[in-house]
K.L.:
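Below is the structure I would like to discuss, written out as structure tokens.
Note: hydrogens, waters and symmetry copies are ignored here, and every other heavy atom, side chains too, is used. Only a predicted model underlies this, so the values are computations on that prediction, with no experimental measurement involved.
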Amino acid sequence: MQDSYRYKGMRKRLITELREKGIQDEKILNAFDAVPRHFFLDTTFAEQAYSNMPFQIGSGQTISHPYTVAFQTQLLNLKRGDKVLEIGTGSGFQTCILAELGVKVFSIERHKELYLKAKVIVQKLGYTARLSFGDGYKGLPTYAPFDKVIITCGAPFIPQDLIDQLKIGGVMIIPVGEGAEQQMKKVTKLSDTEVKTEEFGVFSFVPMLEKKVK
Ligand code: SAH
């Protein structure tokens, strides 16, 4: 797959759309310019890669809407050098957006096929991210604590293990809900025993599945 002026032009239009929809962080918008989304899609979808749509990425999974990726990223309020845990690597697009923003990314995917594919593309684009194959509910205790945690699949509840792996003052962005829709939540860890939870609207994700690593 190649980048081209045409794709670059399409990216600029997508960025204008994201800006109009309320994404104001220029660093995030610049990251959308730097990461070619069409590389993450099957060649049959490449022409539509910069429309604000989700697509199938294999194994019954989808790459999130660009707006959803931008919105979750904005809620994370990233600082350069933050240690960030992502649950649901999927295509690796969100992983690369995070890496482009200068944070240390750790990402977990439960589908072996997607994990292997994402590894190739992350490396090909020259990003450094630690990808793991496994169950996101468990997090990555070896690398904890994290400054931020982002969940990119719909969780039926907020997993306690992931809260435990957040630093005090750390933030988790997680879509919570069973069924077709989830409420986007921002969970701030106030102390070892207290969290503050805020809500940011309804989104639609593939489910975060438990004990289904394959
Ligand atoms: N961030 C991705 C979004 C992919 S969709 C992207 O930018 O493309 C969500 C992903 O979460 C799917 O690939 C799905 O397989 C994965 N997933 C679901 N439950 C999981 C779990 N318990 N642990 C790890 N990954 C999980």
K.L.:
Quick one: does any side-chain atom of Lys83 pair with a main-chain N or O of Pro145 as donor and acceptor, under 3.5 Å?
P.N.:
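Such a contact is found between Lys83 side chain and Pro145 backbone.
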K.L.:
What heavy-atom pair brings Pro175 and Cys153 nearest, and what distance separates the two atoms?
P.N.:
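Heavy-atom minimum between the residues: CG-O, 3.5 Å.
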K.L.:
Answer yes if Val149 and Leu101 sit in the same cluster of Ile, Leu, Val, Met, Phe, Trp and Tyr residues linked by side chain heavy atoms under 4.5 Å apart, and no otherwise.
P.N.:
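Cluster IDs for Val149 and Leu101 differ.
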K.L.:
Under a 3.5 Å distance rule, please check whether Thr188 uses its side chain to pair with a backbone N or O of Val171 as donor and acceptor.
P.N.:
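No: the side chain of Thr188 does not pair with the backbone of Val171.
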K.L.:
Under 3.5 Å, is there a donor-acceptor pair linking the side chains of Gln165 and Asp161?
P.N.:
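Per modelled atom types, Gln165 and Asp161 side chains form no pair under 3.5 Å.
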K.L.:
Quick check against the 3.5 Å criterion: does Ser191 have a side-chain atom that pairs as donor or acceptor with the backbone of Thr193?
P.N.:
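The answer is yes, because a donor-acceptor pair under 3.5 Å joins these two groups.
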K.L.:
Flag yes if Val122 and Val84 sit in one hydrophobic cluster, no otherwise; membership is Ile, Leu, Val, Met, Phe, Trp, Tyr, and two members link when side-chain heavy atoms are under 4.5 Å apart.
P.N.:
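Yes; tracing contacts between hydrophobic side chains, which count when under 4.5 Å, links both residues.
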K.L.:
Quick check on Lys27: does its NZ atom have over 12 non-hydrogen neighbours (other residues, nucleotides or ligands) under 6.0 Å away?
P.N.:
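No.
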K.L.:
Taking the six-membered ring for Trp, are the ring centroids of Phe40 and Phe55 within less than 6.0 Å of each other?
P.N.:
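Not under 6.0 Å, so no.
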K.L.:
For atom CD of Glu198, is the number of surrounding heavy atoms from other residues, nucleotides or ligands below 6.0 Å larger than 12?
P.N.:
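For Glu198, atom CD is crowded (more than 12 foreign heavy atoms under 6.0 Å).
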K.L.:
So is Lys112 actually on top of Tyr115's ring, under 6.0 Å and inside 45° of the axis?
P.N.:
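That pair does not qualify as a cation-pi contact.
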K.L.:
Could you grab the distance from atom OG of Ser107 to atom NZ of Lys119, nearest 0.5 Å is fine?
P.N.:
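Going from OG on Ser107 over to NZ on Lys119, the span is 11.5 Å.
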K.L.:
To check you understand the geometry: which heavy-atom pair defines the closest contact between Gly139 and Leu85, and what is its length?
P.N.:
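Here Gly139 and Leu85 meet closest at CA-CD2, 4.1 Å.
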K.L.:
State plainly whether one hydrophobic cluster holds both Ile108 and Leu131, where clusters connect Ile, Leu, Val, Met, Phe, Trp and Tyr through side-chain heavy atoms under 4.5 angstrom apart.
P.N.:
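Per the 4.5 Å side-chain linkage, Ile108 and Leu131 are not co-clustered.
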K.L.:
Given side chains that start at C-beta, do those of Met208 and Pro159 come closer than 4.5 Å, heavy atoms only?
P.N.:
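In contact.
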K.L.:
Is any NZ, NE, NH1 or NH2 atom of the basic residue among Glu47 and Arg6 found under 4.0 Å from an Asp or Glu carboxylate oxygen of the other?
P.N.:
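Yes, charged N to carboxylate O under 4.0 Å.
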K.L.:
Under a plain distance cut-off of 3.5 Å, with no hydrogens placed, do Tyr50 and Arg37 share a side-chain donor-acceptor pair?
P.N.:
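Not at all, the side chains of Arg37 and Tyr50 share no donor-acceptor pair under 3.5 Å.
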K.L.:
Go through the steps for Phe200 and Ile173 under the test side chain to side chain contact (heavy atoms under 4.5 Å, CB included), then give the verdict.
P.N.:
CA-CA 10 Å; Phe200 291 89; Ile173 305 300; over 6 Å; no
K.L.:
When rounded to the nearest 0.5 angstrom, what is the spacing between CD in Gln48 and CE in Met53?
P.N.:
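Atom-to-atom, Gln48:CD and Met53:CE are 6.0 Å apart.
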K.L.:
Looking at Ile163, is its backbone amide N or carbonyl O close enough to the side chain of Lys189 to form a donor-acceptor pair, meaning the two atoms are under 3.5 Å apart?
P.N.:
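Yes, the answer is positive, given that a donor and an acceptor are paired below the 3.5 Å cut-off.
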K.L.:
Work out which heavy atom in Ala118 is nearest to a heavy atom in Gly90; give both atom names and the distance.
P.N.:
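Answer, listing the atom of Ala118 first, then Gly90: CB-O, 3.8 Å.
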K.L.:
Does the side chain of Ile23 come within less than 4.5 Å of Phe32's, by heavy atoms?
P.N.:
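Of all side-chain heavy-atom pairs linking Ile23 with Phe32, none is under 4.5 Å.
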K.L.:
Using the rule given for side chain to side chain contact (heavy atoms under 4.5 Å, CB included), can you reason through Arg80 versus Val103, listing the C-alpha separation, both sets of side-chain angles and the distance that settles it, and then say yes or no?
P.N.:
CA-CA 5 Å; Arg80 241 173 202 285; Val103 302; over 6 Å; no
K.L.:
Say you draw a straight line from CG of Leu114 to CD of Gln61; how long is it, rounded to the nearest 0.5 Å?
P.N.:
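Output value for this atom pair is 6.5 Å.
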K.L.:
Considering only NZ, NE, NH1 and NH2 on the basic side and carboxylate oxygens on the acidic side, decide whether Asp3 and Arg11 come within less than 4.0 Å.
P.N.:
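The answer is yes: the pair qualifies as a salt bridge.
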K.L.:
Tyr7 and Leu29: same hydrophobic cluster, using ILVMFWY side-chain contacts below 4.5 Å?
P.N.:
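Yes, Tyr7 and Leu29 fall within the same hydrophobic cluster.
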K.L.:
Is the side chain of Thr152 donor-acceptor paired with the backbone N or O of Ile87 at a distance under 3.5 Å, no angle test?
P.N.:
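At least one qualifying donor-acceptor pair exists.
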K.L.:
Could you tell me whether Tyr137 and Phe157 have their ring centroids closer than 6.0 angstrom?
P.N.:
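Yes, close enough.
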K.L.:
How close do Val176 and Pro156 get, counting heavy atoms only, and between which atoms?
P.N.:
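Minimum heavy-atom separation between Val176 and Pro156: CG1-O, 4.0 Å.
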K.L.:
Would you call Asp82 and Lys148 a salt bridge, using N to O less than 4.0 angstrom?
P.N.:
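A salt bridge links Asp82 with Lys148.
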K.L.:
Please check this pair: side chain of Gln182 against backbone of Phe205, looking for a donor-acceptor N/O pair closer than 3.5 Å.
P.N.:
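Looks like yes, one N/O pair under 3.5 Å.
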K.L.:
Once rounded to the nearest 0.5 Å, what's the spacing between atom CD1 of Ile174 and atom CG of Leu75?
P.N.:
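If I round to the nearest 0.5 Å, the distance is 13.0 Å.
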K.L.:
Any salt bridge linking Asp147 with Lys167? Criterion: basic side-chain nitrogen under 4.0 Å from a carboxylate oxygen.
P.N.:
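Yes.
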K.L.:
Quick one: does any side-chain atom of His111 pair with a main-chain N or O of Phe133 as donor and acceptor, under 3.5 Å?
P.N.:
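Not a single qualifying donor-acceptor pair exists.
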K.L.:
Any side-chain donor-acceptor pair under 3.5 Å between Glu181 and Ser204?
P.N.:
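Ser204 and Glu181 do not have a side-chain donor-acceptor pair below 3.5 Å.
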K.L.:
Nearest 0.5 Å, what's the CZ-CZ distance between Arg130 and Phe106?
P.N.:
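It is 7.0 Å, given to the nearest 0.5 Å.
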K.L.:
Look at the side chain of Tyr127 and the backbone N and O of Thr95, then say whether any donor-acceptor pair between them is shorter than 3.5 Å.
P.N.:
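No, the answer is negative, given that no donor and acceptor are paired below the 3.5 Å cut-off.
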K.L.:
If you group Ile, Leu, Val, Met, Phe, Trp and Tyr by side-chain heavy-atom gaps below 4.5 Å, do Ile15 and Ile28 land in one group?
P.N.:
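Yes, same cluster.
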K.L.:
Look at Lys117 together with Glu109 and state whether they make a salt bridge at an N to O cut-off of under 4.0 Å.
P.N.:
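Looking at Lys117 and Glu109, the cut-off is not met.
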K.L.:
Within this structure, what is the CG-CG distance for the pair Leu98 and Leu76, rounded to the nearest 0.5 Å?
P.N.:
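These two atoms lie 6.5 Å from each other.
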K.L.:
Start with the C-alpha distance between Ile121 and Leu125, add both sets of side-chain angles, then the distance that settles side chain to side chain contact (heavy atoms under 4.5 Å, CB included), and finish with yes or no.
P.N.:
CA-CA 6 Å; Ile121 185 153; Leu125 288 174; 4.1 Å; yes
K.L.:
Check the pair Lys138 / Glu210 against salt bridge (charged side-chain N to carboxylate O under 4.0 Å, His left out), numbers first and verdict last.
P.N.:
CA-CA 10 Å; Lys138 300 199 177 88; Glu210 210 169 0; over 6 Å; no
K.L.:
Evaluate the side-chain proximity of Gln72 to Met184: yes if any heavy-atom separation is below 4.5 Å, no if none is.
P.N.:
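The answer is yes; the side chains approach within 4.5 Å.
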K.L.:
Any luck finding a side-chain donor-acceptor pair between Gln94 and Thr73 under 3.5 Å?
P.N.:
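Short answer, yes.
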K.L.:
Show your working on side chain to side chain donor-acceptor pair (under 3.5 Å) between Glu26 and Asn30 and close with a plain yes or no.
P.N.:
CA-CA 6 Å; Glu26 290 300 319; Asn30 287 339; 5.4 Å; no
K.L.:
Can you check whether Phe93's main-chain N or O pairs, donor with acceptor, with Ser91's side chain at less than 3.5 Å?
P.N.:
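Indeed, once roles are kept as given, a pair shorter than 3.5 Å links the two residues.
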K.L.:
Evaluate side chain to side chain contact (heavy atoms under 4.5 Å, CB included) for Met172 paired with Ile158, printing each intermediate quantity in order.
P.N.:
CA-CA 10 Å; Met172 178 192 302; Ile158 302 172; 4.0 Å; yes
